[in-house]
Protein chains: 2
Amino acid sequence: MRRNTIQKTAIEKVFRQHERPLGIDEVVTYGRELVKSLNQATVYRNLKILIEDGWLERIAHPVLGVLYERTGKGHHHHFYCRECDLTFDLPGCPVNEDDATPEGFIVEDHELFLFGICPSCD
Amino acid sequence: MRRNTIQKTAIEKVFRQHERPLGIDEVVTYGRELVKSLNQATVYRNLKILIEDGWLERIAHPVLGVLYERTGKGHHHHFYCRECDLTFDLPGCPVNEDDATPEGFIVEDHELFLFGICPSCD
DNA sequence: AAGTTATTGCAAATGCATTTGCATTATCAT
DNA sequence: ATGATAATGCAAATGCATTTGCAATAACTT
């Protein structure tokens, strides 16, 4: 049976506190503010569990590699700030699905990343 | 001084023959049809040179990892076929830059991937 | 044609992200 | 409170993509 550990609880809290996609190192760093002994292997194990549980999902970031973010946000995209290296969720979708469908191709889904400078860094 | 080898020439030809982003393995495989002894390390070395020369550029594919494609195609996006695993260039851009710019963010660039089934696999 | 040396092929080495073995610790059912 | 065992921390091990050392080969200059 699955047990609730303080490290798993801490990891979940990290995602609730930071409403944006996080990398493993960020989860470890922020998680240690809650559980100082938190180990990277433990983070990996729990991220896997949270993904299996459908609480998190993995995203492939073009610059940062693998990031994790909470599920259930609906269709949205991401903005990567080249200054602070953080990735933010973007509400809405600026992609015109019709224009996006080329001759003969069946478009099932899409993924968009915007790059630039975030409000804090501007 | 830089020498023109048959393997470098072959690698360039591979990209000219297949007008789509290619992964290392594809370059090796197609390249060997032109130069049977072609080695993977040689491909890596030449891809690096072609990038330095501005003839190729690296793209981070959300599913396939690193792909390489010819430069000079102008702004465009990519379509990944989940059936055949190939990635195609898409002409035009279905992203509304204005809608894409959230409050306070400065958008400098963007990257879009479409997922679905290509004409050959449909 | 001959010599110089950039490039290749091959195998071993790196660099990283992620996983795993194991002794120790902590959670939870009883 | 106690026992059974899931989860943790740590370090070593994996798995991959990419790089590198080196002897052999091939491109060019003369």
Side-chain angles (χ1 to χ4, degrees), chain A residues 1-15 21-69 78 80 85-87 113, chain B residues 1-15 21-69 78 80 85-87 113:
Chain A
M1 134 280 292
R2 182 147 294 166
R3 295 176 181 175
N4 286 323
T5 66
I6 55 174
Q7 15 290 87
K8 177 158 178 263
T9 301
I11 291 170
E12 291 168 351
K13 182 175 290 185
V14 165
F15 280 96
L22 301 174
I24 306 89
D25 289 344
E26 290 178 295
V27 178
V28 171
T29 300
Y30 294 136
R32 281 182 176 156
E33 292 173 4
L34 302 173
V35 179
K36 48 265 153 282
S37 70
L38 184 61
N39 187 276
Q40 190 188 48
T42 299
V43 172
Y44 271 111
R45 283 187 276 237
N46 278 294
L47 289 179
K48 175 179 285 186
I49 289 173
L50 290 169
I51 288 176
E52 288 171 358
D53 293 351
W55 199 83
L56 280 183
E57 61 188 325
R58 196 189 309 262
I59 68 181
H61 190 289
V63 177
L64 304 176
V66 176
L67 296 185
Y68 300 83
E69 80 171 335
H78 299 100
Y80 170 65
D85 240 49
L86 299 183
T87 299
F113 274 91
Chain B
M1 134 278 293
R2 182 148 293 164
R3 296 176 180 175
N4 286 323
T5 65
I6 55 173
Q7 14 291 86
K8 179 159 178 263
T9 300
I11 292 171
E12 291 168 352
K13 182 175 289 184
V14 165
F15 280 96
L22 301 174
I24 306 89
D25 290 344
E26 290 177 294
V27 178
V28 171
T29 301
Y30 294 136
R32 281 182 175 155
E33 293 173 4
L34 302 173
V35 178
K36 49 265 150 280
S37 70
L38 185 61
N39 188 275
Q40 191 189 47
T42 299
V43 171
Y44 270 111
R45 283 188 276 237
N46 278 294
L47 289 179
K48 175 179 285 187
I49 289 172
L50 290 170
I51 287 175
E52 289 171 359
D53 292 350
W55 200 81
L56 282 182
E57 62 188 323
R58 195 189 311 263
I59 69 181
H61 190 289
V63 176
L64 304 177
V66 177
L67 296 185
Y68 299 83
E69 79 172 335
H78 299 100
Y80 170 65
D85 240 50
L86 299 184
T87 299
F113 274 90

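Keep in mind it's a predicted model, so treat the numbers as computed, not measured. Every chain is numbered from 1, with letters handed out A, B, ... down the list of sequences. Basis for what follows: all heavy atoms, side chains included, without hydrogens, waters or symmetry-related copies.
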Residue list, side-chain hydrogen bond (donor to acceptor under 3.5 Å, both in side chains) with B:Asp85, at least two apart or on another chain: B:Tyr80
Those residues that, when tested against B:Glu26, pass side-chain hydrogen bond (donor to acceptor under 3.5 Å, both in side chains) (two or more places apart): B:Arg20
A:Arg3: side-chain hydrogen bond (donor to acceptor under 3.5 Å, both in side chains) partners, not counting sequence neighbours: none
Heavy-atom closest pair, residues B:Leu34 and B:Ala10: CD1-O, 3.6 Å
Difference in axis direction between the ends of the helix from C:dA1-D:dT30 to C:dT30-D:dA1, five pairs, 10°: 40°
Partners meeting side-chain hydrogen bond (donor to acceptor under 3.5 Å, both in side chains) with A:His78 (sequence neighbours left out): A:Glu69, A:His76, A:Asp89
Strand contacts (DNA chain C) in residues 51-64 of chain B, 4.0 angstrom heavy-atom criterion: none
Show me the side-chain donor-acceptor pairs of residues 35-49 of chain A shorter than 3.5 Å, one per line, residues at least two apart or across chains.
from: A:Asn39; atom 1: OD1; to: A:Ala41; atom 2: N; distance (Å): 2.8
from: A:Asn46; atom 1: ND2; to: A:Thr42; atom 2: O; distance (Å): 3.0

Nucleotides bounding contact with chain A, strand DNA chain C, heavy-atom threshold 4.0 Å: C:dA17 to C:dC28
Side-chain heavy atoms of B:Glu33 within contact of B:Val14, under 4.5 Å: no
Exercise answer: donor-acceptor pairs, residues 51-65 of chain A side-chain atoms, under 3.5 Å, sequence neighbours excluded:
from: A:Arg58; atom 1: NH1; to: A:Tyr68; atom 2: OH; distance (Å): 3.3
from: A:His61; atom 1: ND1; to: A:Val63; atom 2: N; distance (Å): 2.9
from: A:His61; atom 1: ND1; to: A:Leu64; atom 2: N; distance (Å): 2.9
from: A:His61; atom 1: NE2; to: A:Thr87; atom 2: OG1; distance (Å): 2.9

Footprint string (nucleotides 1-10 of chain D, 5' to 3'): B base within contact, S backbone only, - free, heavy atoms under 4.0 Å: ---BBBSBBB
Touch class at under 4.0 angstrom, heavy-atom based, for B:Lys36 against every strand present: nothing
